[in-house]
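Take a look at the structure below.
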Amino acid sequence: MPDRPGAPDRAWQRMLSGRRLDLLDPSPLDVELSDIAHGLARVARWNGQTSGDHAFSVAQHSLLVEQVFRRLMPEANGAERLAALLHDAPEYVIGDMISPFKAVVGGGYKEVEKRLQRAIHLHFGLPAELPDKLVRAIKRADQVAAWFEATQLAGFSEIEAARYFGRPRGFSADDFDLAPRAAKTVERQFLAAARTIEISRGP
């Protein structure tokens, strides 16, 4: 529903947890794991242009990226694994914008995304800005996941996917369960993964 005429512009979103998250100045105190899991499980990757009875959600993609990240970085600690799981977490608020459209929209979107990511990181006790080495490792895991999603779910040929994401080495489609799952199922799996990683980090 649009704001009534004369009402001040609204730059916040009400979450199911009851939190009110300011998009322009997000506070770590207003970030909740339950909201992230709920939102990401209902945001479709690839603008919904994937095969299957359910959308392949950002939450399911995030679980896949964390799985690939562990394969690439077996020495990773709990904080680094959590950073991988949360690499697309801002999309629980702003949705998943495909890369070609991000390039058209430009800086405004990216700045909002960065502010949200910093608030999310701080909420979970991660550095606001991740070290470059970790960022590169997560990006590589993201590209591996994207290649398999593109070829198995989104209709890309292997040649086309390799052009945009690189051809992954040391992985096969049999390594992963890419069947799109129901939102509530993925929400529970995301929550369980995050909590398991948090426990591994210790007190």
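Worth knowing before you read on, the calculation uses all heavy atoms, side chains too, and leaves out hydrogens, waters and symmetry mates.
One distance of note links CG of Asp174 with CZ of Phe148; it measures 9.0 Å at 0.5 Å rounding. Atom-to-atom distance recorded for Leu85:CG and Leu64:CG is 11.5 Å, nearest 0.5 angstrom. Between atom CE of residue Met15 and atom CD of residue Gln13 there is a gap of 4.0 Å, rounded to the nearest 0.5 Å. The CG atom of Leu86 sits 8.0 Å away from atom CD1 of Ile197, with the distance rounded to the nearest 0.5 Å. Atom-to-atom distance recorded for Thr196:OG1 and Leu82:CG is 11.5 Å, nearest 0.5 angstrom.
Not counting sequence neighbours, Asp30 has no partner by the side chain to side chain donor-acceptor pair (under 3.5 Å) test. Shown here are the ring pair (Phe, Tyr, Trp, His ring centres under 6.0 Å) partners of Phe156, two or more places apart in sequence or in another chain: Trp46. Under the side chain to side chain contact (heavy atoms under 4.5 Å, CB included) criterion, Pro28 pairs with Ala119, Leu122, His123, sequence neighbours left out. The side chain to side chain donor-acceptor pair (under 3.5 Å) search around Glu160 returns none, not counting sequence neighbours. For Thr151, the side chain to side chain contact (heavy atoms under 4.5 Å, CB included) partners at least two apart in sequence or on another chain are Trp147, Glu158, Ala161. Scored by the side chain to side chain donor-acceptor pair (under 3.5 Å) test, Arg163 finds no partners at all (sequence neighbours excluded). A search for side chain to side chain donor-acceptor pair (under 3.5 Å) contacts involving Gln152 returns nothing, not counting sequence neighbours.
Considering only heavy atoms from C-beta on, Leu130 comes within 4.5 Å of His121 through its side chain. Looking at heavy atoms from C-beta onward, Leu153 lies out of side-chain contact with Arg45 at the 4.5 angstrom threshold. By the 4.5 Å heavy-atom criterion applied to side chains, Glu113 and Ile94 are counted as neighbours. Contact annotation: the side chain of Val93 never approaches that of Val112 to less than 4.5 Å [non-hydrogen atoms, C-beta and beyond]. Inter-residue side-chain proximity for Ile120 and Pro90 is flagged as met; some heavy-atom pair is nearer than 4.5 Å.
Hydrophobic clustering, with ILVMFWY side chains joined whenever heavy atoms are under 4.5 angstrom apart, keeps Ile36 apart from Leu29.
Of all heavy-atom pairs spanning Thr50 and Phe56, the tightest one is OG1-N, 3.7 Å. The two residues Ala141 and Val65 come nearest to each other via the heavy atoms CB-O, 3.7 Å. The heavy-atom pair separating Gly78 from Ser200 by the smallest distance is CA-OG, 3.9 Å. Nearest heavy atoms, Ala41 versus Ser57: O-CB, 3.5 Å. Across all non-hydrogen atoms, the minimal contact from Ala137 to Leu72 is O-CD1, 4.4 Å. When all heavy atoms of Leu21 and Ser27 are compared, the pair lying nearest together is CD1-O, 4.2 Å.
Among residues at least two apart or in separate chains, salt bridge (charged side-chain N to carboxylate O under 4.0 Å, His left out) pairs with a member in residues 125-145 are Arg118-Glu129. Pairs of residues two or more places apart, or lying in two chains, never qualify as ring-ring contact (aromatic ring centres under 6.0 Å, His included) while including a residue from residues 180-201. Residue pairs meeting the salt bridge (charged side-chain N to carboxylate O under 4.0 Å, His left out) criterion with at least one member in residues 179-197, sequence neighbours excluded, are Arg42-Glu187, Asp177-Arg181, Lys184-Glu187. The side-chain hydrogen bond (donor to acceptor under 3.5 Å, both in side chains) analysis of residues 70-84, with sequence neighbours excluded, yields the pairs Glu66-Arg70, Glu66-Arg81. Pairs passing the ring-ring contact (aromatic ring centres under 6.0 Å, His included) check and including a residue from residues 57-94, sequence neighbours excluded, read His61-His87.
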The test is side chain to side chain contact (heavy atoms under 4.5 Å, CB included); show your working for Val58 and Ser62 and say whether it passes. CA-CA 6 Å; Val58 175; Ser62 299; 4.0 Å; yes

Please determine whether side chain to side chain contact (heavy atoms under 4.5 Å, CB included) holds for the pair Glu198 and Leu33, giving the CA-CA distance in whole Å, both sets of side-chain angles, and the decisive distance to 0.1 Å. CA-CA 11 Å; Glu198 281 283 77; Leu33 177 60; over 6 Å; no

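Counting only distance, with no hydrogens or angles, the side chain of Gln60 and the backbone of Ala179 share a donor-acceptor pair below 3.5 Å.
Using modelled atom types and a 3.5 Å distance limit, the side chains of Ser17 and Asp35 yield a donor-acceptor pair.
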